[in-house]
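Before any comments, here is the structure.
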Amino acid sequence: MSVDAGARKFARERVSDLIYEDLRDRILSGALPHGARLPAERDLAAEYGVSGQTVRESIRALTAMGLVSSKQGRGAFVTARSDSLTAFSLASVIQLDKLGVADVLGVLGALLTHATALGVTRASDEDLAQLRESAENMLVPSPEKSAENLSVFLRRLAAVGHNPLLAVLCGFLIDVQVRLALELGTKRPTAWKKAAGALQDDRMALVAALEARDAERAVMCLETYSDRMRELIDTASQSKRFRLTDTDFARLVSQLSADQKKLLD
C-alpha cells in the first residue's frame, strides 16, 4: 500500500469513527429509539458528505456494539437496550478477566444484598406480594420450570429496591446463576431436588423479613440464601458428573450474552 493510499484509508476510518460516535450518541440520547429504522445508507452518506462505504463501516461498528441490527433488504434498526448492552459488557469482563463461578455469584450476592436493603423501605405492598407469589411457586417437579421460576423470583427481588441500574446489573448475573442451576438440575436431579427444598425455607424467610420491613433480618436472610446457593453450585461444579471447567463457564457466559442479543434483535 502506498503512502497516499494509506493516508486515505486512515482518513476514511477516522471519518467513519466520527459518524459512528454521532449515531451512537443519537441512539443513547433517545433521538433514535429502540426499534427505529436508521436512515437509508444513501441518505446517511448525503447527510455526512461521505461515501456509502464509510457509512457501512460506521454501521458495522454500531452492530458490533449491539446498538443496531441489519436486516437483509430492510435496512438497519436500533436494537439498543440497557439489558443487552449490560449483558455484552459483563460477559466481556467475565471472559477477559477469567472470572470464575464464585466471583460472579459473589458479585450477584452483593448486588442483591443492596437491593434487599433498599427494598425494606422502597418496596410497595404489591412488590412484596408478587415476590411472595414467585417464592411460593419455586417447588415444582421440573428443573426447567424451576429455573424459570427462579429467574422470576430473583428479578423481582432485584427490582424491589426501585433502582433501575441495580436491576439491570443484576439481570445478566441472574441469568448466569439460573443457567448454572438448570445445568445442576438436568445432570444431578437428586441433588437439585434436595437443594430446592433446602433453599425454599431461606427464600420464604427472606420474603417474611421484607414484609416485616426488618432491614437487619432481611439482609441476613439474603446473605444466608446467597451463601448456600453459591456453596451448592460450587460443590456441584467440582463433582465428576457435573464437572464445570473454566472453559465451560466461559462458553456458558458467551452463549447467554448471544442469547440476550438474539431476543432483542
Side-chain angles (χ1 to χ4, degrees), residues 81-84 86-87 90 104-186 189 191-233 236 256 259-260 263-264:
R81 292 278 295 270
S82 56
D83 42 9
S84 60
T86 301
L90 290 178
V104 173
L105 297 189
V107 170
L108 175 59
L111 292 173
L112 289 177
T113 297
H114 185 45
T116 298
L118 293 176
V120 169
T121 56
R122 295 186 181 182
S124 67
D125 291 342
E126 182 180 359
D127 291 335
L128 298 181
Q130 291 177 343
L131 186 65
R132 173 171 285 279
E133 178 186 26
S134 58
E136 291 173 344
N137 289 337
M138 282 301 305
L139 293 181
V140 293
S142 162
E144 291 77 15
K145 186 61 178 176
S146 179
E148 180 182 329
N149 291 349
L150 176 61
S151 178
V152 172
F153 172 75
L154 292 176
R155 287 179 182 278
R156 285 179 174 173
L157 178 60
V160 297
H162 287 272
N163 182 322
L165 176 59
L166 182 58
V168 168
L169 287 172
C170 287
F172 181 69
L173 301 182
I174 287 172
D175 287 344
V176 173
Q177 177 168 312
V178 169
R179 181 63 65 86
L180 289 169
L182 179 58
E183 291 284 334
L184 171 63
T186 302
W192 163 75
K193 289 180 181 179
K194 181 179 179 181
L199 290 169
Q200 182 66 0
D201 290 341
D202 293 331
R203 281 187 286 266
M204 298 310 300
L206 170 59
V207 174
L210 281 167
E211 290 172 336
R213 307 292 178 173
D214 187 330
E216 184 176 355
R217 183 156 61 94
V219 168
M220 185 180 301
C221 289
L222 186 281
E223 290 176 344
T224 298
Y225 172 73
S226 296
D227 288 345
R228 287 182 178 172
M229 176 62 82
R230 285 198 303 273
E231 181 181 356
L232 167 69
I233 293 177
L256 283 173
D259 290 346
Q260 178 69 259
L263 287 173
L264 297 171

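Excluded from the calculations below are hydrogen atoms, water molecules and symmetry mates; all remaining heavy atoms, backbone and side chain alike, are included. For this chain, numbers begin at 1 and follow the sequence in order.
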Work out which heavy atom in [X] is nearest to a heavy atom in [Y]; give both atom names and the distance.
X: Ala158; Y: Ile174; value: CB-CD1, 4.3 Å
X: Val168; Y: Thr86; value: CG1-OG1, 3.1 Å
X: Cys221; Y: Ala209; value: SG-CB, 4.5 Å
X: Val178; Y: Ala147; value: CG1-O, 3.3 Å
X: Leu150; Y: Ala181; value: CD2-CB, 4.0 Å

**Study point:** Pairs where residues 163-174 contributes a residue and the test side chain to side chain donor-acceptor pair (under 3.5 Å) is met, not counting sequence neighbours
**Key:** none
Check your understanding: Pairs in or reaching into residues 202-213: which pass side chain to side chain donor-acceptor pair (under 3.5 Å), with residues at least two apart or in two chains?
Key ->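 Counting only pairs at least two positions apart or across chains, the side chain to side chain donor-acceptor pair (under 3.5 Å) contacts touching residues 202-213 are Asp125-Arg213, Arg132-Glu211, Gln200-Arg203, Asp202-Arg228, Arg203-Tyr225.
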To the nearest 0.5 Å, tell me how far [X] [atom1] sits from [Y] [atom2].
X: Met229; Y: Leu154; atom1: CE; atom2: CG; value: 7.0 Å
X: Leu105; Y: Ser226; atom1: CG; atom2: OG; value: 9.0 Å
X: Leu180; Y: Leu256; atom1: CG; atom2: CG; value: 8.5 Å
X: Ser151; Y: Arg156; atom1: OG; atom2: CZ; value: 10.5 Å
X: Phe153; Y: Leu199; atom1: CZ; atom2: CG; value: 10.0 Å

Could you tabulate the donor-acceptor pairs under 3.5 Å formed by side-chain atoms of residues 110-119, not counting sequence neighbours?
unit_1 : atom_1 : unit_2 : atom_2 : d
Thr113 : OG1    : Gly109 : O      : 2.8
Thr116 : OG1    : Leu112 : O      : 2.8

Exercise for review: Kindly determine whether Leu222 and Leu157 satisfy side chain to side chain contact (heavy atoms under 4.5 Å, CB included), including the steps that lead there.
Suggested key: CA-CA 10 Å; Leu222 186 281; Leu157 178 60; 3.7 Å; yes
**Study point:** side chain to side chain contact (heavy atoms under 4.5 Å, CB included) between Asn149 and Lys145, worked out
**Key:** CA-CA 6 Å; Asn149 291 349; Lys145 186 61 178 176; 3.7 Å; yes
**Study point:** Arg155 and Asp175: CA distance, side-chain angles, deciding distance, side chain to side chain contact (heavy atoms under 4.5 Å, CB included) verdict
**Key:** CA-CA 10 Å; Arg155 287 179 182 278; Asp175 287 344; 2.6 Å; yes
Point to revise | Contacts of type salt bridge (Lys or Arg N to Asp or Glu O under 4.0 Å), residue Arg122, not counting sequence neighbours | key: none
Review point. With sequence neighbours left out, what residues match Asp214 under salt bridge (Lys or Arg N to Asp or Glu O under 4.0 Å)?
Key: Arg217
Less than 3.5 Å apart, which donor and acceptor atoms pair up between the side chains of residues 133-140 and the rest of the protein, not counting sequence neighbours?
unit_1 : atom_1 : unit_2 : atom_2 : d
Ser134 : OG     : Gln130 : O      : 3.3
Ser134 : OG     : Leu131 : O      : 2.8
Asn137 : ND2    : Glu133 : O      : 3.2

